[in-house]
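Here's the structure we're looking at; comments come further down.
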Amino acid sequence: VYDFEKADVILSLGSDFLNPSESGLGFAKGFAKRRDPKNSVGTMNRLYVVENHFSLTGGMADHRLRVRASEIGDFTATLAKVIATKSGDTPLSSLAGAYPSTGVSFDPAWVNGVADDLIAAKGKGVVISGPGQSAAVQALALGINNTLGNLGSTINAFQTTAKPAATLSDLSKAMSS
């Protein structure tokens, strides 16, 4: 669960998390509390968005980079490599190096700017990838969040009492009875 109210720097990777049809109003409320210039809580948060089409979240971005949908993974791997190098995180470097790059390149100033901002906000950032992103992109975002100390701070996991979903064969058996 993302706690945007605690986040100083947010990077959205193809995630329209401010769109109520994608994530409800919960994320937008936490995010909005830090966007009010009259907010007495502290400084406004900063939002970076990497996306392939204009979205509600992209419209709110302080910094927005438009890329092809197929390039979001390449951007994430590039960013992870930069963060791994700057932080000395070998596991993140290995994870990023395993991503099958297409060879596309990005503006180094933009990538370094995001990386520096996220590193400076260690433990107070969120890197969120959209539900349509591949497992590899999700893993890279998780790795970046881990390296930056965001897990347990601005990103929390909770154990639920929900039972595991049934298998397709269980559904098939239930339908035939």
Side-chain angles (χ1 to χ4, degrees), residues 1-87 89 92 96 104-134 137-138 140-156:
V1 176
Y2 300 98
D3 190 345
F4 290 102
E5 196 171 340
K6 292 180 182 175
D8 290 344
V9 179
I10 301 157
L11 170 62
S12 168
L13 300 163
S15 172
D16 194 9
F17 69 88
L18 293 176
N19 187 339
S21 66
E22 183 172 309
S23 59
L25 294 174
F27 289 159
K29 285 173 70 176
F31 175 81
K33 286 182 180 179
R34 293 288 306 277
R35 296 301 274 193
D36 183 357
K38 298 173 191 166
N39 181 0
S40 61
V41 175
T43 60
M44 287 179 45
N45 58 23
R46 198 164 21 269
L47 174 61
Y48 293 86
V49 174
V50 178
E51 63 185 358
N52 68 316
H53 64 279
F54 197 71
S55 69
L56 183 60
T57 302
M60 293 292 295
D62 299 297
H63 307 277
R64 179 178 178 268
L65 179 65
R66 184 172 177 229
V67 299
R68 293 182 173 133
S70 61
E71 296 172 348
I72 292 176
D74 287 300
F75 175 85
T76 309
T78 300
L79 177 66
K81 288 175 186 174
V82 170
I83 290 172
T85 299
K86 290 180 181 222
S87 66
D89 190 302
L92 181 60
V104 66
S105 62
F106 303 95
D107 177 8
W110 211 93
V111 175
N112 280 298
V114 175
D116 290 343
D117 217 1
L118 285 167
I119 291 168
K122 195 169 188 166
K124 294 180 180 180
V126 167
V127 177
I128 180 172
S129 56
Q133 298 305 314
S134 68
V137 173
Q138 301 285 348
L140 285 166
L142 182 62
I144 292 168
N145 280 311
N146 183 56
T147 296
L148 297 175
N150 298 332
L151 303 181
S153 176
T154 55
I155 303 170
N156 295 294

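Nearest heavy atom pair, residue T76 against residue A141, reads CG2-N, 4.3 Å. Closest heavy-atom contact between E51 and I72: CA-CD1, 4.3 Å. Of all heavy-atom pairs between G123 and N150, the closest is N-OD1, 3.3 Å. Taking all atoms of both residues into account, the shortest heavy-atom contact from L18 to A28 is CD2-CA, 3.7 Å. The two residues A77 and A96 have their closest heavy-atom pair at O-CB, 3.7 Å. Across all their heavy atoms, F17 and T57 have their closest contact at N-OG1, 3.2 Å.
Taking the six-membered ring where the residue is Trp, Y48 and W110 present perpendicular rings, their angle passing 60° and hence far from 30°.
In this structure, Q138 contributes its side chain and G130 its backbone to a donor-acceptor pair below 3.5 Å. Looking at N52, its side chain never comes within 3.5 Å of a backbone N or O of V67 through a donor-acceptor pair.
You'll find the side chain of V50 stays beyond 4.5 Å of the side chain of E71, heavy atoms only. The shortest side-chain heavy-atom distance between L79 and L11 falls under the 4.5 Å cut-off. Residues V127 and I155 fail the side-chain proximity criterion, which asks for heavy atoms closer than 4.5 Å.
Taking CZ of F106 as the reference point, atom CG of N112 lies at 13.5 Å (rounded to 0.5 Å). The structure places OG of S87 at 7.0 Å from CG of L148, a figure rounded to the nearest 0.5 Å. Taking OG1 of T154 as the reference point, atom CG of N145 lies at 6.5 Å (rounded to 0.5 Å). Put simply, NE2 on H63 and CG on L47 are 9.0 Å apart, with the number rounded to the nearest 0.5 Å. Of the inter-residue distances, the one linking T147 atom OG1 with L92 atom CG reads 4.0 Å to the nearest 0.5 angstrom. The CG atom of L140 sits 9.0 Å away from the CG atom of L13 when rounded to the nearest 0.5 Å.
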side-chain contact (heavy atoms from CB on, under 4.5 Å) evaluation trace for F31 with V126: CA-CA 11 Å; F31 175 81; V126 167; over 6 Å; no
L142/L151 under side-chain contact (heavy atoms from CB on, under 4.5 Å): CA gap, chis, key distance, verdict: CA-CA 8 Å; L142 182 62; L151 303 181; 3.9 Å; yes
Candidate pair V49 and M60, rule side-chain contact (heavy atoms from CB on, under 4.5 Å), full reasoning: CA-CA 9 Å; V49 174; M60 293 292 295; over 6 Å; no
Intermediate values then yes/no, side-chain contact (heavy atoms from CB on, under 4.5 Å), F75 and V104: CA-CA 8 Å; F75 175 85; V104 66; over 6 Å; no
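For the side chain to side chain donor-acceptor pair (under 3.5 Å) test with N45, the passing option among K33, E5, R35, R34 is R35; the others fail.
Partners of F54 under the ring pair (Phe, Tyr, Trp, His ring centres under 6.0 Å) rule, at least two apart in sequence or in another chain, do not exist in this structure.
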